[in-house]
Amino acid sequence: MENTRRKPELLAPAGNLEKLKFAIHYGADAVYIGGKQFGLRSNAGNFTFDEMREGVEFAEKYGSKVYVATNIIAHDENLEGAHEYFKTLYEVGVHAVIVADPALIQACREAAPDLEVHISTQASIANWKTAEFWKNEGVPRVVLAREVSVDEIREMKEKVDIEIEAFIHGAMCISYSGRCVLSNHMTARDANRGGCAQSCRWKYDLFEDGTNNTTEVSDEADEMYTMSSQDLSMVEHLPDLIEAGVDSLKIEGRMKSIHYVATVVNVYRKIIDTYFEDPENYELDPAWVDEIWKAAQRNLTTAFYYHEPTHKDQLYGKPERLPKYDFAGLVLDYDQDTQIATIQQRNNFGVGDEVEFFGPNFTHFKQTITEVYDDKGEAIDRAKHAMMITKVKVDQPVEYLNMMRKQK
């Protein structure tokens with residue numbers, strides 16, 4: 001059957017201005033960011049209004065959009081300044097805000113009625129009637145709860161004319177759409193107001209109630225997890241979400257590294273474009289799956305999309321040791337005549353290291369480093385100093401903002 005569906009938006013996280021630019025450079029159609037107020041990632045870099053302006057200008061230059069997460073569940077004390085904040089966001093030029101709390105939705109509509117509102121995943125939209133409710137409230141897009149299946153998404157799109165945004169990759173909350181008080185209880189940091197301490201990711205022993213008797217979870221208790229979810233990945237199943245009608249495919253990870261953002265965006269950009277070139281004959285390239293594992297920090301799962309998760313979708317016991325890659329260098333320039341690339345060091349590398357260069361459009365090649373020079377042209381064995389400018393002999397042409405990684 002011919003696929004006439006519109007190509008979905010690829011939406012990437014951007015914890016700071018640098019990550020925003022890399023996400024767009026590596027293929028994101030839109031990015032979501034946080035400001036200094038009202039967001040759920042208080043420990044991310046987050047943006048000043050001036051940085052937002054620069055980010056919006058950069059995004060629009062490449063035909064991309066910027067959304068701002070204002071998705072806390074607010075207490076009375078958190079509402080102060082909301083009207084002015086939304087008014088300023090509109091003046092800055094952001095394309096939409098992501099909101100969960102009705103009080104903040106109301107504040108946005110009063111202060112900036114032309115600023116588009118998307119309903120956050122924190123609102124736990126898990127059925128078509130709720131999607132219809134927000135449609136009737138004039139909301140153009142809803143971000144679905146993490147607990148929704150592919151079949152449920154398909155039903156929503158069949159019954160409600162509303163844009164649907166769904167997560168395709170990244171960390172999963174162990175509780176229901178973030179409704180968790182572990183962080184509040186253990187650290188006095190409110191998970192629903194941006195302060196989550198990720199208590200579910202900690203390692204625990206068991207104690208007999210009313211006694212001091214300790215029951216180790218295993219013989220390797222210092223390495224144990226007990227209620228930590230695996231990370232979501234739809235890299236092998238993305239056409240299912242596209243065909244179900246998802247309008248925006250969302251990657252989690254505003255606090256992740258530039259290497260993570262560039263790698264994951266690069267893979268999903270390639271998958272989306274390849275699928276739409278010839279949907280009927282689309283086939284998964286194993287290289288895309290291999291690439292995702294270079295950014296993975298935990299084992300991967302499809303979470304709720306096909307079944308209710310079981311213990312197999314969680315991290316129990318000693319975690320599996322995944323191959324880890326360092327973002328070693330950023331390409332700033334390349335001389336075709338000499339085959340010398342100017343590389344800004346991001347992690348220690350040197351002569352004899354096997355490295356991999358990669359860039360947008362899923363370009364890759366591996367080589368062993370044979371020559372490194374400092375910024376004065378002196379030959380050196382290793383680039384040891386953070387952010388130092390080096391010259392490196394490369395085997396194939398590279399481009400500005402290509403990355404160099406190496407396996408730890």
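Throughout, residue positions are numbered sequentially from 1 according to the sequence presented.
In this structure a side-chain-to-backbone donor-acceptor pair under 3.5 Å is present from Asp101 to Ala103. For Asn16 (side chain) and Glu18 (main-chain N/O), a donor-acceptor pair under 3.5 Å exists by modelled atom type. Put simply, the side chain of Thr70 gets close to the backbone of Ile98: a donor and an acceptor are under 3.5 Å apart. Between the side chain of Lys65 and the backbone N or O of Ala96 there is no donor-acceptor pair closer than 3.5 Å.
The environment of CG in Asp278 is crowded: more than 12 heavy-atom neighbours from other residues, nucleotides or ligands sit within 6.0 Å. Within a 6.0 Å sphere centred on CD of Glu91, heavy atoms belonging to other residues, nucleotides or ligands number more than 12.
Taking the six-membered ring where the residue is Trp, His259 and Phe327 present parallel rings, their angle staying beneath 30° rather than reaching 60°.
Using modelled atom types and a 3.5 Å distance limit, the side chains of Tyr334 and Asn402 yield no donor-acceptor pair. Side-chain contact of Thr263 with Arg405: a donor-acceptor pair under 3.5 Å is present, judged by distance alone. No donor-acceptor contact under 3.5 angstrom links the side chains of Glu163 and His118, judged on distance only.
Electrostatic pairing of Glu9 and Arg141 counts as a salt bridge here, judged by a charged N lying under 4.0 Å from a carboxylate O. A salt bridge does not link Asp335 with Lys391: none of the charged nitrogens is closer than 4.0 Å to a carboxylate oxygen. Ion pairing between a basic and an acidic side chain is recognised when a charged N comes within 4.0 Å of a carboxylate O; Arg269 and Asp29 show such pairing. Using a cut-off of 4.0 Å between Lys/Arg side-chain N and Asp/Glu carboxylate O, Lys294 and Glu356 are scored as salt-bridged. Checked for salt-bridge contact, Lys36 and Glu51 miss the test: no charged N lies under 4.0 Å from a carboxylate O. Look at Asp273 and Lys7 and you find a salt bridge, because one of the NZ, NE, NH1 or NH2 atoms lies within 4.0 Å of a carboxylate O, short of that distance.
For the atom pair CG (Asp247) and CD (Glu165), the distance works out to 9.5 Å, reported to the nearest 0.5 Å. Taking CD from Glu371 and OG1 from Thr390, the interatomic distance works out to 12.5 Å, rounded to the nearest 0.5 Å. Distance CD1/Ile168 to CG/Leu10: 5.5 Å, rounded to 0.5 Å.
In terms of heavy-atom proximity, Val265 sits nearest to Ala12 at CG2-CB, 3.6 Å.
Stacking of Lys406 on the aromatic ring of Phe349 is not recorded, the 6.0 Å distance cut-off and the 45° axial limit not both being met.
Taking the six-membered ring where the residue is Trp, the centroids of Tyr268 and His169 are separated by under 6.0 Å. Checked against a 6.0 Å centroid threshold, the rings of Phe58 and Tyr62 count as neighbours. Taking the centre of each ring, Phe49 and Tyr85 come in below the 6.0 Å mark.
When each of Val97, Val117, Asn71, Leu79 is tested with Leu104 by the rule side chain to side chain contact (heavy atoms under 4.5 Å, CB included), just one qualifies, namely Leu79.
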